[in-house]
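Proteins come first, then strands; the chains are lettered A, B, ... in the order of their sequence lines, and each starts at number 1.
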There are 2 protein chains.
Amino acid sequence: MRIHLKNIVLFQNVDEETIKKIEHFTTEHKVSKENIVFYEGDEPKYLFLLVKGVIKLYKTSSNHKEVVLKYFHDNELIGEVANFEGMPYPATAKAYSDVEVLKIDFEKLKEVIFSNPNLAFNIQTSLIKKIKNLENIISTNLVLDSKERVAKYIYNHADDFFETKNIEIAEILGVSPETLSRILKFFKDHDIINVKKKFIDRDALIQYF
Amino acid sequence: MRIHLKNIVLFQNVDEETIKKIEHFTTEHKVSKENIVFYEGDEPKYLFLLVKGVIKLYKTSSNHKEVVLKYFHDNELIGEVANFEGMPYPATAKAYSDVEVLKIDFEKLKEVIFSNPNLAFNIQTSLIKKIKNLENIISTNLVLDSKERVAKYIYNHADDFFETKNIEIAEILGVSPETLSRILKFFKDHDIINVKKKFIDRDALIQYF
DNA sequence: CTATCGTGTTGATATAAATCAGTAATTGTG
DNA sequence: CACAATTACTGATTTATATCAACACGATAG
């Protein structure tokens, strides 16, 4: 294997021997952009660990509307609920960029987890992080309206906001590109952002959410 | 203490000695209906375990609109993210009925967790359950429209649907009572539900979500 | 027994955001 | 460079749902 598990956050502080064991039932995969990692409804067998790239997790509703649940980034664990609960994946995962993932045989990993407190601790930390993330999605999407969500997004992504395409931001925020464009016009008109000067008035933005 | 921890799901398979230790920093509280368990923004110090009753967790948005994030029921753990992450509670918890809770000193519990694999496992299970729940909220609220949400609710609560007040259902589903009333009218008109006969055509309902 | 309160219903109106449609600007490519 | 493709902008329309308002019904209290 090209990737060493010991360099991965999830396996920090886990002893060499345990890591070697895990490496035996872990495989490395590259998935190129736009390809599917797993489908909604698939039976889980592997836990996925995203090493590099971005994976988009989404559901397709009855009326064929795609709703993005989450974008995964480096070092995130994907599919642990389905695996722990033995239920089919509740959503589809697609490579949003060229991606490197580790596929870990879940049944085998499970045995190792309970004999290794450090690994159990790391998994726990990862779960907590995920809960925090989900709670954040819920409060962002249910409590804030579009303008507030945009304000919050710009505030939190001031560093790469001007480098991200509006259609991507719109998708992440779950608003239409037209609506985003109108909201951005509002912030431009109020001198809160300035695209030419790459200026963001964060103090002013914070008022909007 | 009136309640014995060993009878609580979270402490199943945990040895007597550990339980005794935990009981030393656990206190029992009754909170009557409509009283606050903790406020959004409070610094967490205790982990709450809901023994009996229903707790409503909600956020108040800038425009004073109350958004219900979740109703907690028996045996659910409340506030573990805030505690693990050392961040203020992100929402307010209010007793939705008369309630019995255990307050567990988190810092002390933390020490015990890592020396006790069974407890760590139980906590992990509880976290997974919570993730599943949150993912369900997200897919229900972001993917489904009002009629679909109502259909899903009736389908999943066929046993107590006719005994629950519409204003409560409306709050749980995050729709206005008027909208719920109109949707129910639709299902009545289509002979999918019949209030008098307490009849629910679950097969027909499933088509709507 | 009537008055009041909580709940549910129904119609009219308001509102946020999506969708549709056309055009402009920017980026990529032969 | 010139043309195509993608992305962004803007106005008009539609849609889902909330809000407002009025009223009906049943249960409980005085």
Sequence-aligned protein contact record of nucleotides 20-26 of chain D, with B where the base is within under 4.0 Å of a protein heavy atom and S where only the sugar-phosphate is: B------
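Remark: the A:T26 side chain and the A:H24 side chain contain no N/O donor-acceptor pair separated by less than 3.5 Å.
Whole-Å rounding puts the B:L180 CG to D:dA16 P distance at 17 Å. In this structure, B:I169 places its CD1 atom 13 Å from C1' of C:dT7, rounding to the nearest Å. A:N166 places its CG atom 12 Å from the P atom of D:dT10, with the value rounded to the nearest Å. For the pair A:I167 CD1 and C:dA25 P, the interatomic distance rounds to 19 Å; values are reported in whole Å. In this structure, B:D145 atom CG and D:dA18 atom C1' are separated by 15 Å, rounded to whole Å. In this structure, the CG atom of B:L142 is 18 Å from the P atom of D:dA16, given to the nearest Å. Between B:L173 atom CG and D:dA16 atom P there is a gap of 18 Å when expressed in whole angstrom units. Atoms CD1 (B:I183) and C1' (C:dG8) sit 15 Å apart, rounded to a whole Å.
The residue A:S176 sits close to a base: some heavy atom pair falls under 4.0 Å.
Partners of B:K152 by side-chain contact (heavy atoms from CB on, under 4.5 Å), not counting sequence neighbours, listed by chain and number: B:N136, B:T140, B:L144, B:N156, B:F209. For B:H190, there are no side chain to side chain donor-acceptor pair (under 3.5 Å) partners two or more places apart in sequence or in a different chain. When the side chain to side chain donor-acceptor pair (under 3.5 Å) test is applied to A:K147, no partner is found at least two apart in sequence or on another chain. Every residue meeting the side chain to side chain donor-acceptor pair (under 3.5 Å) condition with B:E76, not counting sequence neighbours, appears here in chain and number order: B:K70. Take B:D74 and apply the side-chain contact (heavy atoms from CB on, under 4.5 Å) test, not counting sequence neighbours, and it matches no residue. Partners of A:F72 according to the ring pair (Phe, Tyr, Trp, His ring centres under 6.0 Å) rule, which considers only residues two or more places apart in sequence or in another chain, do not exist here. Among residues two or more places apart in sequence or in another chain, the side chain to side chain donor-acceptor pair (under 3.5 Å) test is passed with A:D201 by none.
Relative ring orientation between B:Y89 and B:F38 is described as parallel, the plane-to-plane angle staying below 30° on a 0-90° scale split at 30° and 60°.
Within residues 152-165 of chain A, the residues approached by DNA chain D to less than 4.0 Å at the level of any non-hydrogen atom are A:K165, in residue-number order. Residues of residues 186-197 of chain B having a heavy atom closer than 4.0 Å to DNA chain D: none are found.
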Donor-acceptor pairs are to be reported for all side-chain atoms of residues 78-86 of chain B against protein atoms at under 3.5 Å, with residues two or more places apart or in another chain.
{"residue": "B:E80", "atom": "OE1", "partner": "B:K130", "partner atom": "NZ", "Å": "3.2"}
{"residue": "B:E80", "atom": "OE2", "partner": "B:K130", "partner atom": "NZ", "Å": "3.0"}
{"residue": "B:N83", "atom": "ND2", "partner": "B:Y46", "partner atom": "O", "Å": "2.9"}
{"residue": "B:N83", "atom": "ND2", "partner": "B:G79", "partner atom": "O", "Å": "2.9"}
{"residue": "B:E85", "atom": "OE1", "partner": "A:K132", "partner atom": "NZ", "Å": "3.0"}

Please list every donor-acceptor pair under 3.5 Å in which a side-chain atom of residues 164-176 of chain B meets a protein atom from a residue at least two apart or in another chain.
{"residue": "B:T164", "atom": "OG1", "partner": "B:D160", "partner atom": "O", "Å": "2.7"}
{"residue": "B:E171", "atom": "OE2", "partner": "B:K56", "partner atom": "NZ", "Å": "3.2"}
{"residue": "B:E171", "atom": "OE2", "partner": "B:Y71", "partner atom": "OH", "Å": "2.5"}
{"residue": "B:S176", "atom": "OG", "partner": "B:T179", "partner atom": "N", "Å": "3.2"}
{"residue": "B:S176", "atom": "OG", "partner": "B:T179", "partner atom": "OG1", "Å": "2.9"}

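Between A:S146 and C:dA17 there is a side-chain N or O to OP1 or OP2 distance below 4.0 Å. In terms of phosphate contacts, A:S181 brings no side-chain nitrogen or oxygen within less than 4.0 Å of OP1 or OP2 of D:dA8.
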